[in-house]
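Have a look at the structure below, then the notes.
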Amino acid sequence: MNEKFLKPYEPKEVESNIYKFWENTNFFNPSVCIEKGVTDKNAEYYSIVLPPPNVTGVLHLGHAAMLAIEDAIVRFERMKGKRTLWVPGTDHAAIATQTKVEKLLQKEGIRKYDLGREEFLKRVQQFAQESHDTIATQIKAMGASVDWSREAFTLDEAREKAVHAAFKRMYDDGLIYRKEKVINWDPKGQTVISDDEIVYETRKSTLYTFKYSPDFPIAISTTRPETKFGDTAVAVHPSDERYSQYVGQTFDIEFAGEKLSIKIIADEHVEKEFGTGALGVTPAHSQIDYDMSVRHNLPIKQVITEYAKMQTSSELVNGLKVEEARTKTVEWLRENNLLIEEKEMEQNVSTAERTGAIIEPLPKLQWFVDVNKKFKLKQSKLQGITVDQEVSLKELMQHAVSSGQIEILPDRFEKTYFHWIDNLRDWCISRQIWYGHQIPVWYKGEELIVGEDPKDSSYTRDEDTLDTWFSSALWTFSTLGWPEQTEDFLNYHPTNLLETGYDIIFFWVARMILMSTYLLGEIPFKTVYLHGLVRDAKGKKMSKSVGNAVDPIEMIEKYGADAVRMSLLVGVGPGSDMNFSEDKVRAYKKFANKIWNATRFVLEQTSDEDISQPSYISPEDQARIDEFSTLMQEITREFEEYKLYLVSEKMYHYFWHTFADIIIENSKKRIQNPISDEDTRSTKYLLRFLLTQQLKALHPFMPFITEEIWQTINKDNTILMVSKWPNQ
RNA sequence: GGGCGAUUAGCUCAGUUGGCUAGAGCAGUCCGUUUACACCGGAAAGGUCAGGGGUUCAAGUCCCUUAUCGCCCACCA
């Protein structure tokens, strides 16, 4: 027996070596597995792409959970003999990374404009590189068996090709268009953001009821009096008799020094019961009002700038910040006896996810993806949709899931998904930031070239960059070589599983379905497994600023990656949040030690001869073998259904409370007081057999300790990672 | 306003096709240093499975309802 079993299991001493050992075998790469004959060349394909972590810093426990789940699945599929590929990569996370670097530069007293676009981008790239390196180290520390030879980055050259190809296809199909519309402007980040990047915050605000001027017949209510300088209409409900006499009339009035021309319109969207039942319409500074202005053909009058300052001919507020302008306007209303009522109310304020700034709706020229426009699908492997069939992107997204071609776990999220699509508006994809894929459009006067650099200095390229989710939406196939028809692409797409957090189902999962069904006529993945949030022990969201964030690397150093993985897997079903507790990790470190010591016992009591099956197996031992075999069938089925939370717990329970507590304990008596040689032999075989089988079954969850033991006790140079799964 | 989830031992949570004498980790009680393991073993204790109603031979599990907490979505200005 190897001496190392005489002392307790020390994960720190083995984990990095084992990972290097695996890397040296190159068996993370399925092509090598075929070449070396560990995988059958006709084997079924199984593929997963790693949700690329943002290069904004380090991995957190949520990433650790993701890696634990995905690695367990990948190792399981690999052991079952499939040609298994797990593609790693990182995400440039455009706006998040740029904001982060801007903040770092701020500490040095540097603004990005001082550096200029090129120099600033160099800084960002340097930061991204360092962050990438840290992340790669952390992924390895978790034991993730990703194929590093296929690593990708959402902003590298190959992915840029994919982005350009996708953009061009969509443009040519009329699905990408450029238009001036009211968009969500982030005055702090100085960029437009999409609807999904808005975070609503409930705040107290005041609802003011007033008249524009003494001679105006209708009083209106608003929480933003300063925007009223941009009003071009007052809307009332069509059935509201109080105001029906005025509908259709236009009033030219003066409002605090600004000339307004207000048309009275009737629109279904006005609530009769709210306020006075009349709504001042500000087309330039409200999404709803903009929509109304389109319906009623109203002029759009911008009075607020990109810096959230007033721009009007009113001396009273011109040049002021919106908050100051609000105060001034209210004062003016009061002084002129126009203010009728002030009422406190709760209001949802839109803020920007990244900067926290209050969103200022503004009319701006931007690029959009049209989700409702019908087009002819060029190719289709989708069941129920044929080539040349007229569909919209929305319909494609709905169909992929409603037809059952994509299954979402837990299935209740399918409802959430459909609900999101029902309410989906065109996706604004251009951003006024520097870091990211620059929009592949070149202009020369009225002319424009899309998708390819004309290499002609008389053309100027669009300054804007794309929403980071545009490139991540292509991830399942851009990582496999698309737009080239590479072997990887042809073999590994669609991928089998997408495992990610439920918080990015809209940002990412839905957009991947959009891009894949549209560009390839194919689903991007068959199953979506959504994991929950990892919270702290008290159930609070972990955050750096609160100081309750747990560093997974610290946990790995203390308890070992196997223990950390188990603590994130056992009992945590898809879709449910989990509270992270160090006690749980500690418990699984003990379990690792238990495995270690049980191995020691078995090795002490048996010899290598006992590995081979004897001619006689006692009935009770046979019963144990059958029992284990039943367990294996059960957990194999559950594993295939992605019920890792059950499988991991069952294996834990079997090893400790059946194998160690009962089988090993019974064997002591039988070995010490032998009934017969045959019986002893049978017992020893059982111990050896169950130990090796359990190492296999535990390997997807606890790869390090199981491989370490395997390498010590097996003399035939086999590797546990690529050995056959015990399911007979 | 709409949707979803949670409520099980002192604490944190499993229990996902209804069959449980309801489990695990931690904490706590008693016993045990028998050569795998004290990062251990054995034993006991602890629960009207949020409340109420229903379906069923059988309900923690399915249905209805109430309460509390939490999350997501939404253009009442």
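Any value given below was found using the heavy atoms of this structure, including those in side chains, with hydrogens, waters and symmetry copies removed. By convention in this document, chain letters (A, B, ...) are assigned in the order of the sequence lines, proteins followed by strands, and residues within each chain are numbered from 1.
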Are the aromatic rings of F368(A) and W427(A) close, with centres under 6.0 Å apart? no
Considering only atom P, compute the distance from C73(B) to G15(B) and round it to an integer number of Å. 26 Å
To the nearest angstrom, the CG-P distance between D291(A) and A74(B) comes to 14 Å
Tell me if the side-chain of Y642(A) makes a donor-acceptor pair with the base of U16(B), cut-off 3.5 Å, by modelled atom types. no
Which label fits Y212(A) and F210(A): parallel for a plane angle under 30°, tilted from 30 to 60°, or perpendicular past 60°? perpendicular
Would you kindly say whether S244(A) and E241(A) are connected by a side-chain donor-acceptor distance under 3.5 Å? no
Assigned partner base of C40(B), Watson-Crick or wobble definition, under 3.5 Å: G32(B)
For U55(B) versus U65(B), give the span between their C1' atoms, rounded off to a whole number of Å. 15 Å
Check this for me: does any side-chain nitrogen of one of D291(A) and R425(A) sit under 4.0 Å from a carboxylate oxygen of the other? yes
5' to 3', nucleotides 20-29 of chain B under a 4.0 Å protein heavy-atom cut-off (B base, S sugar-phosphate only, - none) gives -----SS---
Which part of the nucleic acid, if any, lies within reach of M566(A) when heavy atoms closer than 4.0 Å are counted: base, sugar-phosphate only, or nothing? nothing
Tell me the interatomic distance from F580(A), atom CZ, to A14(B), atom C1', rounded to whole angstroms. 17 Å
Under a 3.5 Å limit on both distances, the Watson-Crick or wobble mate of C69(B) is G5(B)
Anything under 3.5 Å between a protein N or O and an N or O of nucleotides 36-38 of chain B, put it in a table, one pair a line.
unit_1, atom_1, unit_2, atom_2, d
A36(B), OP1, K668(A), NZ, 3.1
A36(B), O2', N597(A), OD1, 3.4
A36(B), N7, K668(A), NZ, 3.3
A36(B), N6, A660(A), O, 3.3
A36(B), N6, E665(A), OE2, 3.1
A36(B), N3, N597(A), O, 3.1
A36(B), N3, A598(A), N, 3.2
C37(B), O4', N597(A), OD1, 3.3
C37(B), O2', N597(A), ND2, 3.3
C37(B), O2, K594(A), NZ, 3.0
C37(B), N3, K594(A), NZ, 2.9

Please check the phosphate of C4(B) (OP1 and OP2 only) for any side-chain N or O of K415(A) closer than 4.0 Å. yes
To the nearest Å, how far apart are N184(A) CG and C75(B) C1'? 11 Å
Hey, could you give me the CD/OG1 distance between Q347(A) and T206(A), rounded to the nearest 0.5 Å? 9.5 Å
Between P on A74(B) and CD on E271(A), what's the gap in Å once rounded to a whole number? 18 Å
Rounding to an integer number of Å, can you tell me how far W596(A) CH2 sits from C40(B) C1'? 18 Å
Using Watson-Crick or G-U wobble geometry with both distances under 3.5 Å, which nucleotide pairs with G18(B)? none
Go nucleotide by nucleotide along RNA chain B from the 5' end; which of K589(A) and E346(A) gets its closest nucleotide reached first? K589(A)
Checking N1-N3 plus N6-O4 or O6-N4 for Watson-Crick, or N1-O2 and O6-N3 for wobble, each under 3.5 Å, the partner of G25(B) is C11(B)
Of all the nucleotides listed (C73(B), A77(B), G15(B)), which has the minimum atom distance to the side chain of N423(A)? C73(B)
Work out how far the C1' atom of A27(B) is from that of U61(B), and round it to whole angstrom. 29 Å
Taking the six-membered ring for Trp, are F76(A) and F639(A) parallel (under 30°), tilted (30 to 60°) or perpendicular (over 60°)? parallel
Tabulate protein N/O versus nucleotide N/O from nucleotides 68-72 of chain B, keeping only pairs under 3.5 Å, one per line.
none

With a 6.0 Å cut-off on ring centres, are Y502(A) and F413(A) close enough? yes
Can you check the distance between G5(B) and C63(B), where both ends of the measurement are the P atom (answer in whole Å)? 10 Å
Between C26(B) and U68(B), how far apart are the two C1' atoms, rounded to whole Å? 26 Å
Ring centroids only, cut at 6.0 angstrom: are W332(A) and F255(A) within range, meaning strictly under it? yes
Using the P atom as the point on both nucleotides, what is the distance between C13(B) and G60(B), in whole Å? 22 Å
In whole Å, measure the gap between the C1' atoms of G19(B) and G28(B) for me. 33 Å
Near K12(A) NZ, under 6.0 Å, is it more than 12 heavy atoms from other residues, nucleotides or ligands? no
Angle class for the Y652(A)/F591(A) ring planes (parallel below 30°, perpendicular above 60°, tilted otherwise)? perpendicular
Without decimals, in angstroms, what is the distance between H269(A) NE2 and A74(B) P? 15 Å
Without hydrogens or angle criteria, can the side chains of H237(A) and E271(A) be said to hold a donor-acceptor pair below 3.5 Å? no
Looking at Y200(A), I'd like to know whether one of its side-chain N or O atoms comes within less than 4.0 Å of OP1 or OP2 on C75(B). yes
Assert: residue with more 5' nearest nucleotide on RNA chain B, out of I198(A) and E273(A), is I198(A)
D231(A) (side chain) donor-acceptor with A233(A) (main chain) under 3.5 angstrom: no
With under 30° as parallel and over 60° as perpendicular, where do the rings of Y529(A) and Y642(A) fit, or are they tilted in between? perpendicular
Looking at L690(A), is its backbone amide N or carbonyl O close enough to the side chain of Q694(A) to form a donor-acceptor pair, meaning the two atoms are under 3.5 Å apart? yes
Determine the interatomic distance between C1' on C75(B) and the same-named atom on C69(B); round to the nearest Å. 29 Å
Rounded off to whole Å, could you give me the CG-to-P distance for the L530(A) and G5(B) pair? 14 Å
Would you mind reading off the distance between F274(A) atom CZ and C76(B) atom C1', rounded to a whole angstrom? 5 Å
So what does S581(A) hit on the nucleic acid, given a heavy-atom distance under 4.0 Å: a base, only sugar-phosphate, or nothing? nothing
Whom does U56(B) pair with, Watson-Crick or G-U wobble, provided both distances fall under 3.5 Å? none
